[in-house]
Chemist: 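Have a look at this one before I ask anything.
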Number of protein chains: 2
Amino acid sequence: MELESHSQTEKVSETVILPSWNPGASKRALIDFVARVSLHDSPEFVPIPERIAVFDNDGTLWAEKPLYMQLAFVIDQIIAMAPQHPEWHDKEPFKSVIKGDIKAALADGKSSAAALLAVTHAGMSTEDFDKSARLWFQRAQHPQLKRPYTELIYQPMLELINFLRINGFKIFIASAGGADFMRSVTEKLYGIPPEQVIGTTGKTRYEFHDGKPELIKLAEVDNFDEGPGKPASIHKFIGRRPLLAFGNSDGDYEMLEWVTSQDRPHLGLLLHHTDAEREWSYDRGSHVGKLNRALDAASRARWILVDMKKDWKRVYPFH
Amino acid sequence: MELESHSQTEKVSETVILPSWNPGASKRALIDFVARVSLHDSPEFVPIPERIAVFDNDGTLWAEKPLYMQLAFVIDQIIAMAPQHPEWHDKEPFKSVIKGDIKAALADGKSSAAALLAVTHAGMSTEDFDKSARLWFQRAQHPQLKRPYTELIYQPMLELINFLRINGFKIFIASAGGADFMRSVTEKLYGIPPEQVIGTTGKTRYEFHDGKPELIKLAEVDNFDEGPGKPASIHKFIGRRPLLAFGNSDGDYEMLEWVTSQDRPHLGLLLHHTDAEREWSYDRGSHVGKLNRALDAASRARWILVDMKKDWKRVYPFH
């Protein structure tokens, strides 16, 4: 009788932990891992200050299709600034952005992206940039879903972040996205404060305006948080190796590899976008969030491949 | 009767808050500031997540005389490595370091320092460097005081850090010292975890050794956290302007200036080393921890000048 009621409780517990995750190997791996590092009688117990988890952002915590949110921001800023820049109407990549042809705008690759970033992410104070990013997040809508971008975050990931948090983990973002862009909204969306957001950063210059010192954003990359730059950035910002890393693309390869080759307990996870109906289905061939090399490595490296379609009961909070 | 007993309690409270601080303007400014931002009915109340305080380290949290601790570490490492480097006996700056003549070793300035840093802070994994720094802190002693360096931290500052912490502040270090060097010991000394230590960092390279990925420290500065580099680093790592900054030298000038020119409540403090008997007395003329420009600015900028001799009852924890 007692045993039965115990197992009944156990079953109920698994339903209320991570409620938007379907029962299965992914959910079990997450719960087991948290138990292994946090239960005092576990041989793999890790003290609370060392329980660090890092999450990629684009395609891991929020949607990245059809465009990275930050690129949508860039486009909207260019369009809003265009009336003050008549010269842009004859000048690439601005001309194509204004026409709405992003593919053409980015056709020559990095130099176009750099030109667009230079006018939208540099030449203003860090505080003015923060204001413009906040304003954009308040107003902008996803072109297909007709929802504010701030709603396009993954409900199962919010639950996972909170599940880790209540078990003593400190949560960091480690993303190739701009740190200043993400920081304008991560506290509101995920409860992750700015100081726990690691991203790509630009250099700044300390300058006086109206007698007050400000940091002016420059069009020069300072920290590039992608690929092997992820472990380097995590070391620089956090100073210790996280126990858990969660990504979704080849840009997360080295982060997962570094986290999962330490002697301490560790868990690497990849979100596999398999759900064309509720979200998108993409991997090896995608421009955004390409998952190829990391997909090949997953089983060999024992990374958990989270299958969005099978593993998630819900995708977005509003579903 | 009631009023009297209230004021009695008030008096007792001021003794048990910051017990190593003598009554006076500095202590009052600290207590008043914390009350202003943390009491719910205060017009200047600031929500907990925004309560960030930054502290310089050398000369603010730990002693910096006669040499920066990190320089003492460099010297000890060079001496320990010398048997494997017979060529150093004829080569500056190593030759002078081995002889114990630091002045001569550093005579030609930056290039010597860079050569010494290159062999002691580069060419090993971040984890191996961490081990060697920890080992040094376990063994090394201050040459004059014959005490472990880890005891040469300021008791009044430990109390201040804890006083801020219990009132909702998150404490960061922002120092020109090496982040990896400081991080090996700040949690133990101050309860400040590695991820809240901002310092000067070197570049790293992601490499495989014995089939495992590591970050190898390179002899190239990545982030320089001094002067105007302090506000820039604080923005990069924290992403918001702290309310309180505490330094002790001209290298903290811009950090204090930036923190104390915002519209939100703020407090800037400088530790003035005035105590030749219990510690050291130095300011405008000192090679280490030079306080000149910031000393001139203090009264104009309303920075609190903490007078070690007058304001501190004790200096070190062991006193």
Side-chain angles (χ1 to χ4, degrees), chain A residues 48-50 52 125-127 130 170 172 179-180 182-184 186-187 191 193-199 201-208 211-218 222-223 227-242 253-263, chain B residues 48-50 52 125-127 130 170 172 179-180 182-184 186-187 191 193-199 201-208 211-218 222-223 227-242 253-263:
Chain A
I48 285 181
E50 293 171 33
I52 304 276
S125 72
T126 52
E127 271 132 5
D130 183 65
K170 199 165 183 177
F172 286 79
D180 288 344
M182 293 187 284
R183 283 168 170 172
S184 72
T186 54
E187 192 154 42
E195 63 270 22
Q196 285 159 230
V197 176
I198 305 168
T201 61
K203 291 194 190 295
T204 57
R205 191 171 45 224
Y206 188 73
E207 266 183 18
F208 277 77
K212 293 208 165 191
E214 289 180 333
L215 291 165
I216 303 301
K217 286 170 72 69
L218 306 180
D222 175 54
N223 186 66
K230 286 208 181 190
S233 300
I234 291 167
H235 172 73
K236 189 190 329 187
F237 280 77
I238 305 181
R240 46 186 158 200
R241 233 188 262 216
Y253 186 98
E254 286 85 359
M255 175 171 79
L256 264 71
E257 182 179 61
W258 184 61
V259 163
T260 61
S261 43
Q262 63 188 316
D263 294 333
Chain B
I48 285 180
E50 293 170 32
I52 305 274
S125 73
T126 51
E127 272 131 3
D130 183 63
K170 200 166 183 177
F172 286 79
D180 288 346
M182 293 187 284
R183 282 168 171 172
S184 72
T186 53
E187 194 154 41
E195 63 269 23
Q196 286 160 229
V197 176
I198 306 168
T201 62
K203 291 195 190 295
T204 57
R205 189 170 47 223
Y206 188 73
E207 267 182 19
F208 278 77
K212 293 211 164 188
E214 289 180 333
L215 291 165
I216 303 300
K217 286 170 72 69
L218 306 180
D222 176 52
N223 185 66
K230 286 208 179 191
S233 300
I234 292 168
H235 172 73
K236 186 185 337 182
F237 281 75
I238 307 182
R240 46 186 158 200
R241 233 188 262 217
Y253 186 97
E254 286 84 358
M255 173 171 80
L256 265 70
E257 181 179 62
W258 184 61
V259 164
T260 59
S261 44
Q262 63 188 317
D263 293 332

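Side chains are part of it too, since the values below use all heavy atoms of this structure and drop only hydrogens, waters and symmetry mates. What you see is a predicted model, and the numbers here were worked out from it, not measured in a lab. Protein chains get the first letters and strands the later ones, always in sequence-line order, with residue 1 at the start of each.
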Chemist: Heavy atoms only, distances under 4.5 angstrom: which of Leu215(B), Asp180(B), Val197(B) has the most pairs with chain A? Name it, please.
Modeler: Leu215(B)
Chemist: If you measure only the distance, is there a donor-acceptor pair under 3.5 Å linking the side chains of Glu214(A) and Tyr206(A)?
Modeler: no
Chemist: Should the pair Glu187(A)-Arg240(B) be classified as a salt bridge under the 4.0 Å nitrogen-to-oxygen rule?
Modeler: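 Salt bridge present between Glu187(A) and Arg240(B).
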Chemist: Looking at Asp222(B), Thr204(B), Asp130(B), which makes the most heavy-atom pairs under 4.5 Å with chain A?
Modeler: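 Most heavy-atom pairs within the cutoff with chain A belong to Asp222(B).
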Chemist: If I measure from the heavy atoms of chain B, does Ile198(A) come under 4.5 Å with its side chain, its backbone, both, or neither?
Modeler: neither
Chemist: Which atoms form the tightest heavy-atom contact between Pro193(A) and Gly191(A), and what is the distance?
Modeler: CD-O, 3.5 Å
Chemist: Any Lys/Arg nitrogen of Arg183(B) or Glu195(B) sitting under 4.0 Å from an Asp/Glu carboxylate oxygen of the other?
Modeler: no
Chemist: Less than 4.5 Å to any heavy atom of chain A: does that hold for the side chain of Ala232(B), its backbone, both, or neither?
Modeler: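 Both parts, heavy atoms under 4.5 Å.
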Chemist: Which bit of Arg241(B) comes within less than 4.5 Å of chain A, counting heavy atoms only: side chain, backbone, both or neither?
Modeler: side chain
Chemist: For Lys203(A), which atoms come within 4.5 Å of any heavy atom of chain B: side chain, backbone, both, or neither?
Modeler: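 The answer is neither part of Lys203(A).
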Chemist: Compute whether any side-chain donor of one residue and acceptor of the other, for Asn223(A) and Lys236(B), lie under 3.5 angstrom apart.
Modeler: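 Asn223(A) vs Lys236(B): no donor-acceptor pair found between side chains.
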Chemist: With a 4.5 angstrom heavy-atom cut-off, is it the side chain or the backbone of Thr201(A) that approaches chain B, or both, or neither?
Modeler: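 Answer is side chain: those atoms of Thr201(A) sit under 4.5 Å from chain B.
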Chemist: For the candidates Gly239(A), Pro228(A), Pro194(A), Pro49(A), which exhibits the highest count of non-hydrogen atom pairs separated by less than 4.5 Å from chain B?
Modeler: Pro194(A)
Chemist: Inspect the contact between Lys212(A) and Asp263(B) and indicate whether a charged nitrogen and a carboxylate oxygen are less than 4.0 angstrom apart.
Modeler: yes
